[in-house]
Each structure stands twice: as structure tokens, then as C-alpha cells.
Amino acid sequence: MKSLLSEESTFIIESDDDEEDPAGLQDAGLNEDGNGDGDGSSSDSSSCATPRCDSRPGSYTQQWPQSYRQSIDIYSSVQSPNLSFLGTPTLSRLSNSFLTNSFRGKTPEIISNLVKPLLRPTTSDEQQQPQQQQQQHEDIRKSSQYLLPSRKPSLQQIPEDQKPLVVGHEVSPYQQCSYTQGAMNGINVLCGVGILSTPYAIKQGGWLGLVILVLFALLAWYTGVLLRRCLDSKEGLQTYPDIGHAAFGTTGRIAISVILYIELYACCIEYLILESDNLSKLFPNVHLTIGSLTLNSHVFFAILTTIIVMPTTWLRDLTCLSYISVGGVIASILVVICLFWIGVVDHVGFENKGATLNLPGIPIAIGLYGYCYSGHGVFPNIYSSLKNRNQFPSILFTCIAFSTILFAAAAVMGYKMFGESTESQFTLNLPENLLVSKIAVWATVANPITKYALTITPLAMSLEELLPRSQQKYSNIIMLRSALVASTLLIALSVPFFALVMSLIGSLLAMLVTYILPCACFLAILKTKVTWYQITACSFIIIVGVSCACVGTYSSLSGIIQNYT
């Protein structure tokens with residue numbers, strides 16, 4: 001029991017240490033040049049007990065957004081890591097926030113009750129029990145002083161003989177993911193609603209447009225590796241905003257954070273458009289009349305979806321949704337299987353040939369393919385959470401390769417089945433009288449409902465940080481989040497063009513996050529160490545990214561305007 005208490009006290013201190021020291025103990029597996037040893041051996045990780053861990057820069061997580069790490073971990077995790085078991089380090093300063101769920105508000109007696117043994121102690125144990133309990137309460141009392149930010153001094157201010165002992169073989173609470181968990185988290189982010197528009201992308205750009213998909217996949221893997229190099233270049237870097245901070249200062253941090261949050265916000269808009277389109281397909285005759293106002297099925301289901309998802313954004317603990325979000329991977333695989341089943345078993349057939357190349361539609365196809373690889377805002381978090389960080393390039397390759405195969409399979413089968421009649425989401429083309437079609441549509445409908453709250457929460461938490469401490473009340477946070485959800489509904493109703501909105505997101509935001517900014521940050525941070533071929537590769541990617549962003553954004557905006565006029 002004493003060993004258990006010792007371990008818990010260590011984790012409490014480590015979690016709170018992350019408040020002052022952004023690196024915490026997360027880079028325990030890094031050697032002097034920033035490369036992870038990854039084996040988790042006590043000999044290597046024991047270096048965390050040295051002053052080296054205490055001297056890491058604390059400026060990265062001291063600035064907005066401090067909640068990025070935790071909120072993105074919840075958003076991306078198939079199996080949620082232990083973010084709030086003993087504390088929420090990235091939100092500890094927001095002590096009035098309703099999201100701060102930890103043992104901070106519990107007394108040491110409650111904590112000790114949680115770790116009582118299940119078996120009755122023996123006689124010899126009973127003789128030692130009073131002394132052990134006294135020692136346990138003393139240990140918890142000492143460790144609990146680090147739970148409250150208002151009373152906790154930084155490690156630099158604690159006398160050397162009073163600094164907490166760090167157990168050398170313990171892994172940081174964040175650094176827990178295995179190869180499989182890391183790969184599943186990456187696939188969960190990449191395999192989203194973008195797969196539904198890949199057949200439409202072939203319709204827009206022709207068969208040769210698939211070359212763009214493969215090229216984007218290769219470049220996305222390379223830029224993901226560049227993000228890892230950036231994280232390893234300096235101690236204390238854990239997230240994409242941290243990389244922007246290291247590369248371009250506070251301006252870079254804020255700019256990258258704003259871009260990432262806008263991307264998540266735009267995804268929430270896409271979710272509502274998706275729900276409206278697919279539910280209207282299932283129930284085309286549904287409408288609502290209020291006085292002289294009649295709401296058609298598209299508007300009605302968009303409003304209904306908003307009403308359903310809004311309470312999920314008020315939840316104190318989103319862990320349940322992060323577990324359910326694994327359904328995103330299952331749903332993506334399921335709709336592809338259903339598409340194959342309809343083509344082969346239900347004899348719809350794969351007979352359409354289509355155009356080899358359609359130059360006017362290439363810009364839209366660029367945006368749609370680019371949207372498929374908009375997961376780089378999460379990859380630094382996945383890297384920071386790995387037990388063996390040397391596995392990250394392989395994990396990244398696995399995620400991107402699996403997703404690309406799924407994208408290409410859906411694109412080829414969908415376009416071969418429906419040809420020039422392919423709609424913005426291939427689920428809208430599925431025959432209505434087939435059971436498999438209904439399974440595919442319902443799987444598509446269920447996915448955004450579970451992911452909406454996880455997607456909007458990072459933006460909501462970042463805005464909550466900007467509130468004065470006296471205003472960080474549950475009622476105010478509910479109003480803020482409700483306003484965010486309502487704003488996505490208004491935009492979804494104003495711009496109900498799924499493919500064009502997706503192309504705009506992929507052209508403008510995904511090109512920045514996935515291709516342009518990783519290269520720019522890499523060159524800025526490691527400018528004295530980069531080789532000529534790295535400069536050439538990064539310059540090529542930046543040129544490709546900027547070109548695709550310009551033509552794709554222009555075409556998407558033009559298409560939206562044409563739909564209005």
C-alpha cells in the first residue's frame with residue numbers, strides 16, 4: 001500500500017509540475033539530441049531525476065492556448081489517456097472552470113480511502129497499520145499541497161532537500177500510448193467525413209486526380225516527420241502551437257492556434273450539413289410548419305441535429321464520447337464495405353468509365369483530397385504520448401497508408417458505380433430500397449453526433465481561457481458553448497454546400513496546417529542544421545501548398561457564389 005501511495009504522490013506532483021514546466025516528464029525518453037530511446041528502461045529514463053528536467057523552459061504553456069494539449073488529446077483519442085485521473089495540468093489555472101475535474105477538491109482522507117486494500121490485513125499487519133496510516137496521511141498531506149495552484153511554488157523555488165523524489169522507472173501520465181493505440185488515434189482523426197466525397201473528387205478531376213491523392217499522402221507523411229523533428233529540437237515542445245511559438249514567437253503560436261481552431265470549427269459546420277443531407281435522404285417528406293413559416297427537411301434536420309448535440313457540449317467529462325468516437329473508424333470502414341456490397345452483391349455494378357482528366361474541376365478535387373489529410377494538428381500530441389517515440393514515423397506511415405487505401409477504394413468504387421451522377425456524398429447515391437444502403441446512411445449519420453462535442457471543445461476551452469477568472473462559471477460556459485453551436489448552425493444553413501465547403505477547408509486551412517506551416521516551422525527552427533536537400537524539399541512543398549491553396553480557395557469560393565446567384 002505504501003508503494004501505491006508513493007506512486008500516486010509521484011503522479012500528482014508530475015501532473016502539477018507540468019503547469020510550471022511544459023515539458024514535465026514527457027520527454028524522459030529523449031537523449032541529448034532530442035531523439036527518443038523509446039525502450040522505457042530505467043537507466044535512461046532515470047535522468048528525469050536530475051535538474052535537467054527542472055530547468056526546462058516554461059514559456060510555451062504559459063501562453064494562450066494553455067488547454068490545447070488536453071483538449072486535442074480528448075478529441076483524438078480512441079482510448080482516452082489518463083488526462084484527469086489525478087489532475088488536469090493544462091487547465092489547473094482555470095480553477096473555476098467546470099472542466100477541472102480532479103482530486104483537487106477532495107480531502108486527503110477521501111484520497112486515502114480510494115487506495116485502501118480490498119483484503120483484511122493480517123494480525124502482524126494490524127500491528128503496523130496505525131504507524132503506516134499515520135505515514136500515509138503525512139505523505140498525502142505533503143503531496144496534496146502541490147494540487148492547488150494558488151499554494152504551490154514552482155520546483156525552482158522549492159529547496160533542494162524538499163523537492164519530490166521522482167521514481168525513475170515511471171512513465172509520464174501522458175506518455176502511455178503503444179504502437180497500436182497511436183496508430184488507432186491517427187486513423188481515427190484521418191478517417192472522417194472526407195471519405196464520403198472522394199468519388200465526387202474523381203468526378204471533378206478525372207481518374208488522374210488520384211495521383212493528387214497519393215502525392216498528398218506522401219507529402220503529409222514527410223511533413224509529419226518534420227513536425228517530429230521540430231518537437232525534438234527544443235525541450236518543452238509538445239503541441240503544434242508550441243512549434244509555432246518556437247519558430248515565430250508568440251505571433252506564430254497565436255496564428256497557428258487560430259488556424260487550427262478555425263479548422264475544427266469548420267468541421268463542425270460540415271457535420272451539420274452532412275446530417276441535414278443524409279437525414280433528408282432517409283425522410284424526404286418531413287417538414288415543420290410554424291405559422292406562416294415552413295421548414296423543409298434540410299432545415300428541420302439541421303436544427304434537430306443542433307438540438308441533439310448541444311447538450312453534449314455541456315458535459316463536464318467528455319471521456320465517454322472519446323471512447324464512442326472509435327465508431328468513426330468503424331463507420332468509415334463500414335460504409336466502404338456497404339458500398340462494395342451494393343456494387344457486387346446487389347448488382348449495381350461498376351461499369352461507368354468516366355473522364356481521364358478534367359482540368360476545370362482539378363481545383364475542387366485538390367481541396368477535397370487535401371481535406372482527407374487534415375490531421376497534423378493532432379500528430380504532435382500523438383507523438384508526445386508515445387511510450388516509444390522512435391516508432392512515430394512508422395505509426396504515421398501506417399495511419400496515412402491505411403487511410404489512403406480506404407479513400408482510394410471508396411473513390412474508385414463510388415465513381416465506377418455512379419459515374420457522372422455522383423453526388424457530393426456517395427451515401428446520397430445509394431439505392432433507397434436496400435437495407436445495406438440504410439445501414440451505410442445511418443452509420444454516416446451517427447458518426448458526427450458523437451464527434452461534434454469533441455471537435456468543438458478545443459475551441460470552446462481556448463475561449464474560456466480568455467474569460468476573466470470571476471466569469472469562469474458553469475452558466476457562462478454553457479452560454480458560450482451554446483452560442484458556438486448556434487453559430488455553426490447559422491453558417492451551415494447559409495452555406496449548405498457540402499463539397500464546396502469541404503473543398504474550401506481543404507484548400508485553405510488543410511494546406512496551411514498540413515503542408516505549408518510544417519515546412520516553414522522546420523526551416524525556421526532548424527535553419528542552422530538543415531541540409532540543402534531538406535531546403536529543396538521544403539521549398540517544393542511550400543510552393544505546391546501555396547499554389548493549391550490559391551487555386552482551390554478561389555474555385556471553392558467561386559462555386560459557392562455561383563450557387564447563390
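On a predicted model such as this, the values are computed, not experimentally measured, just so you know.
Using a 4.0 Å cut-off between charged side-chain N and carboxylate O, Asp73 and Arg69 make a salt bridge.
Between Glu464 atom CD and Leu459 atom CG the span is 9.5 Å, to the nearest 0.5 Å. Distance check, rounded to the nearest 0.5 Å: CG of Leu260 to CG of Leu512 gives 10.0 Å. Lys281 contributes atom NZ, which lies 11.0 Å from atom CG of Asp277 (distance to the nearest 0.5 angstrom). For the atom pair NE2 of His245 and CD1 of Ile243, the computed distance is 13.0 Å after rounding to the nearest 0.5 Å. Of the inter-residue distances, the one linking Met511 atom CE with Phe216 atom CZ reads 3.5 Å to the nearest 0.5 angstrom. The distance from atom OG1 of Thr398 to atom CD1 of Ile187, rounded to the nearest 0.5 Å, is 7.5 Å.
Applying the ring-ring contact (aromatic ring centres under 6.0 Å, His included) test to Tyr200 and every residue at least two apart in sequence or in another chain returns nothing. Not counting sequence neighbours, the partners of Ser297 by the side-chain contact (heavy atoms from CB on, under 4.5 Å) test are Ser280, Phe301. The side-chain contact (heavy atoms from CB on, under 4.5 Å) search around Leu490 returns none, not counting sequence neighbours. Residues passing the ring-ring contact (aromatic ring centres under 6.0 Å, His included) test with Tyr240, sequence neighbours excluded: none.
Looking at Thr514 and Pro518, their side chains never come closer than 4.5 Å, going by heavy atoms from C-beta outward. A 4.5 Å side-chain heavy-atom check between Tyr68 and Asp242 finds every atom pair outside the cut-off. Two residues are said to be in side-chain contact when any heavy atoms from C-beta on lie closer than 4.5 Å; Val485 and Thr313 meet this criterion. Under the 4.5 Å side-chain criterion, counting only non-hydrogen atoms from C-beta, Val193 is not in contact with Thr444. You'll find the side chain of Thr553 reaches within 4.5 Å of the side chain of Leu557, heavy atoms only. A heavy-atom distance below 4.5 Å is found between the side chains of Phe402 and Ile333. Using a 4.5 Å heavy-atom cutoff, the side chains of His298 and Pro496 are not in contact. You'll find the side chain of Cys177 stays beyond 4.5 Å of the side chain of Ile382, heavy atoms only.
Within the structure, the side-chain hydrogen bond (donor to acceptor under 3.5 Å, both in side chains) test picks out no pair touching residues 326-338 (sequence neighbours left out). Applying the ring-ring contact (aromatic ring centres under 6.0 Å, His included) test to residues at least two apart or on different chains, the pairs with a partner in residues 481-511 are Phe497-Tyr564.
Nearest heavy atoms, Val299 versus Ser276: N-OG, 4.4 Å. Across every non-hydrogen atom of Thr294 and Thr289, the tightest pair is OG1-OG1, 3.6 Å. Nearest heavy-atom pair, Arg389 versus Arg228, reported as atom, atom and distance to 0.1 Å: O-NH2, 3.8 Å. The nearest pair of heavy atoms linking Ala460 to Leu480 is O-CD2, 4.1 Å. Residues Leu500 and Ser556 come closest through the heavy atom pair O-CB, 3.8 Å. Scanning both residues, Ile273 and Ala492, for their nearest heavy atoms gives CG1-CB, 3.9 Å.
Side-chain contact check for Asn278 and Thr427: at least one donor-acceptor pair (N or O, by modelled atom type) lies under 3.5 Å. No side-chain donor-acceptor contact under 3.5 Å links Tyr271 and Thr488. For Ser384 and Asn381, the side-chain atoms include no donor-acceptor pair closer than 3.5 Å. Side-chain N/O atoms of Tyr452 and Thr305 include no donor and acceptor closer than 3.5 Å.
Relative orientation of the His376 and Tyr515 rings is tilted, given thresholds of 30° and 60° on the angle between their planes. The aromatic rings of Phe392 and Phe379 sit perpendicular to each other, their planes meeting at more than 60°, with 30° as the lower class boundary.
No side-chain donor-acceptor contact under 3.5 Å links Gln471 to the backbone of Pro468. Looking at Thr223, its side chain does come within 3.5 Å of a backbone N or O of Ala220 through a donor-acceptor pair. Proximity of a side-chain donor or acceptor of Ser71 to a complementary backbone N or O of Pro458 within less than 3.5 Å is not detected. A donor-acceptor contact shorter than 3.5 Å links the side chain of Trp64 to the backbone of Ser462. A donor-acceptor distance shorter than 3.5 angstrom exists from the side chain of Thr457 to the backbone of Ala453, with no hydrogens or angles considered. No donor-acceptor distance shorter than 3.5 angstrom exists from the side chain of Asn447 to the backbone of Ala443, with no hydrogens or angles considered. Remark: side-chain polar atoms of Ser197 are not paired, donor with acceptor, to backbone N or O of Gly194 under 3.5 angstrom. Glu263 contributes no side-chain N or O that, together with a main-chain N or O of Ile505, makes up a donor-acceptor pair within less than 3.5 Å. Between the side chain of Ser507 and the backbone N or O of Leu504, no donor-acceptor pair lies under 3.5 Å. At least one donor-acceptor pair under 3.5 Å links the side chain of Ser503 to the backbone N or O of Ile364.
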Given the rule in the side chain to side chain contact (heavy atoms under 4.5 Å, CB included) test, do Met310 and Ser482 qualify, once you have shown the distances and angles that lead to the verdict?
CA-CA 6 Å; Met310 186 176 290; Ser482 301; 3.8 Å; yes

Could you please spell out the steps behind the side chain to side chain contact (heavy atoms under 4.5 Å, CB included) verdict for Cys267 and Tyr371?
CA-CA 10 Å; Cys267 289; Tyr371 184 93; 3.5 Å; yes

Please step through side chain to side chain donor-acceptor pair (under 3.5 Å) for the pair Tyr265 and Ser487, ending with a clear verdict.
CA-CA 10 Å; Tyr265 182 81; Ser487 65; 2.6 Å; yes

Evaluate the criterion side chain to side chain contact (heavy atoms under 4.5 Å, CB included) for residue pair Ile256 and Cys521; output intermediate values, then yes/no.
CA-CA 11 Å; Ile256 288 179; Cys521 291; 4.0 Å; yes

Before giving the answer on side chain to side chain contact (heavy atoms under 4.5 Å, CB included), spell out for Leu339 and Leu430 the whole-Å C-alpha distance, their side-chain angles and the decisive distance to 0.1 Å.
CA-CA 8 Å; Leu339 188 65; Leu430 300 179; 3.9 Å; yes

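Put simply, the residue from Ile400, Thr198, Leu190, Thr404 that forms a side chain to side chain contact (heavy atoms under 4.5 Å, CB included) with Cys372 is Thr198.
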